[in-house]
Amino acid sequence: MDGSIMPTRMLLDIEDLTVRFVTREATVHAVNGVNLQVQAGEVLCILGESGSGKSVTLRALMRLLPAGRTRIEGRITLDGQDVLSLDRKRLQAMRGGLVSMIFQEPMTALDPVYTVGAQIIETVRQHRGGSQRDARARALELFELVKIPSPERRLDAYPHELSGGLRQRAMIAMALSCAPKLLLADEPTTALDATVQIQVLILLRRLQREMGMGTIFVTHDLGVASEIADRIAVMYAGRIVEEGPVADILNNPKHPYTQGLMASTVHAQDRQADIAAIPGSPPDLRRLPAGCSFRPRCAAALAACRERVPTPVFPAANHMARCFRVAAEMGEGA
Amino acid sequence: MLVLILRRLAYAAPIALGVSLVCFSLVYLAPGDPLQAVMPADVTPDMVEMIRHEYGFDKPIPVQYALWLWRAVQGDFGLSIGSRRPVIVDVLGSLQNTLLLTSFAVPIAFVIGYTLGAIAGCFPGRWLDRTVTGFAVMGVSVPNYWLGIVMVIAFAVELSWLPATGMGPRGSDAFSIFSLGDLRYLVMPVFTLSMVPVGIIARSTRAAVAEIRGQDFVITLRAKGLSETAVIRHVLKNALPQVLAVMGLQFGYLMGGSILIETVFTWPGSGFLLAKAIINRDIPVLQGAILLLSLVFVATNLVVDLLQSAIDPRIRRA
Ligand SMILES: Nc1ncnc2c1ncn2[C@@H]1O[C@H](COP(=O)(O)OP(=O)(O)O)[C@@H](O)[C@H]1O
Ligand SMILES: [Mg+2]
């Protein structure tokens, strides 16, 4: 990213996405007006504490949330298609074909009573038709692509017979089986051992570049985000509070929440030692406070933060923050 | 697979042995002298001694057990006190008659119960689920002998569509499942007998399906673009091992026979045999019947086990 706005058409455009879970007891405001864009070939990292609505956002854009109690508003445009109004046939063609998802826990995300090979073959045939034999050849190719050793034999293994790292590689192979334009990775390395985590991350990065997939990579780990992202969007209580090119966000975080996240991850000697982890805990999504959701935990809060949700301001090109403090500082600077 | 079979057989052996021990002890557990039934009323003490010796009751109990077991393994349980025929003949005959009912009732119950349960599990809380669940509860709680009688009145007496009772004009020995005429005698008892298993299998399928539909991998299946039908196929295969276990239990349970249904339909099965043996204090028949039924149970479990591990390879390791 060089900071200029690229003229390419957006691969994914999420406008003002709101997701609520309505039950008799309460309404959970999981996502509250998210705007995100991903270009072809770009890696966007969504960074945020657990419970901030990252997974819900991803699932909403594949329409995987339980139909009955989920209320989705806004607009999701993926490769020119209006996702929220797709009929069943088109939706099925989109899932796994145009966009696929890698999940956090490869153990529970794969069907335990089918071999991993069978699960990939099924996906390939669902989208591309063709014979069992051709689909198996494709599955073998994919296993080689994701560097699974003795791939022929591993195709006939059941998920529980593989190690965590191999399972996640199989999951990746399945997600890539129909060459999606957009890959959604929901904390794909969180459940893995540290060394395996890095291998899988490197693999994903390589495949993403080779195949030129747009990618949304969800993580709560700043280190992981800095490895893989082109852009970072920081999510808090169902809102994107800051977004920008990876270098900008890492070197020059503006939002107090992002600054707090950095402080709690980055080594003390690299930063001022007196910045502590963010005190307090995320808000109850059933009863969001008025104004900025981060205000109760924010040391830099202003009077306005209590009243209104901050509108986006741009302290640098392509660098967005939703914060009255940032807006005020920009005003002083001008 | 062969290793698995051998291992499961090895597990089954001590169970079978334990059951045989219980069967053997029936002689001593039952109140009264075991020889009383075979002794004439005016027996002399000398003769008692002689008979005791003849039957081996004067030997130490472990020796008696070994001898009994040795004969039992060869199919010799002695003579029935009631019928004076070899126990094995009576027991095998009635087990076979019951097996005839069970081997129709259980697969039918499985197909119906699994289908209903799957439908209910896919729409938990909706009217379809409530209807199926209500039907299942009814199947389990309506007394099946009552249902049997109602059916006899309706289909045999009033409509004359089906024969009321028995196993056909040629009797139980000549019954053939390849004869349509004979099969007609199966319809009502099989239907009546399958009501409870239908209910039980439907309920456990519903529970399994509803639970599995909530698991993570189902989201993966949808995320890769499978149709809802294909997703349900996956869910059903995952639910199958649990349901097979329930079905195995029902099979074993039905093999014990139902005295009430067998009475309603005059079906000479194992329920009949057991009830008669208990009333007559026919210990040899009880021993033989219980031992064979237990073996049926053990064998059923073995088959269920193997089926389960063929479907879900994680079970193999347990
Ligand atoms: N199906 C659901 N029904 C009700 N609440 C949900 C559902 N899925 C997620 N939530 C809630 O939405 C919030 C955001 O969850 P999630 O997106 O999974 O967070 P994360 O950022 O850790 O991925 C959480 O409070 C979670 O409890
Ligand atoms: Mg999550």
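In what follows, every chain begins at residue 1, and chains take the letters A, B, ... in the order their sequences are listed. Note: hydrogens, waters and symmetry copies are ignored here, and every other heavy atom, side chains too, is used. As the structure is a computational prediction, the values presented were derived from the model and not from experiment.
Shortest non-hydrogen contact noted between A191(A) and E105(A) is CB-OE2, 3.5 Å.
To the nearest 0.5 Å, the span separating CG on L61(A) from OG1 on T77(A) amounts to 11.0 Å. Atoms CG and CG, from L140(A) and L155(A) in turn, are 5.5 Å apart once rounded to the nearest 0.5 Å. For the atom pair NZ (K224(B)) and CE (M62(A)), the distance works out to 12.0 Å, reported to the nearest 0.5 Å. To the nearest 0.5 angstrom, L236(B) atom CG is 8.5 Å from I212(B) atom CD1. Interatomic distance, I120(A) CD1 to R136(A) CZ, rounded to the nearest 0.5 Å: 10.5 Å.
Using a 4.5 Å cut-off between heavy atoms, M171(A) contacts chain B through its side chain alone, with no backbone atom that close. Using a 4.5 Å cut-off between heavy atoms, M174(A) contacts chain B through its side chain alone, with no backbone atom that close. Looking at R88(A), neither its backbone nor its side chain comes within 4.5 Å of chain B, counting heavy atoms on both sides.
Between chain A and the residues I311(B), L221(B), N238(B), the most heavy-atom pairs under 4.5 angstrom are made by N238(B). Across L184(A), L64(A), D111(A), T123(A), the residue that shares the most heavy-atom pairs under 4.5 angstrom with chain B is D111(A). For the set S100(A), P112(A), G96(A), C178(A), the entry with the most heavy-atom pairs within less than 4.5 Å of chain B is P112(A). Between chain B and the options R59(A), H127(A), R63(A), E122(A), the largest number of non-hydrogen pairs under 4.5 Å is found for E122(A).
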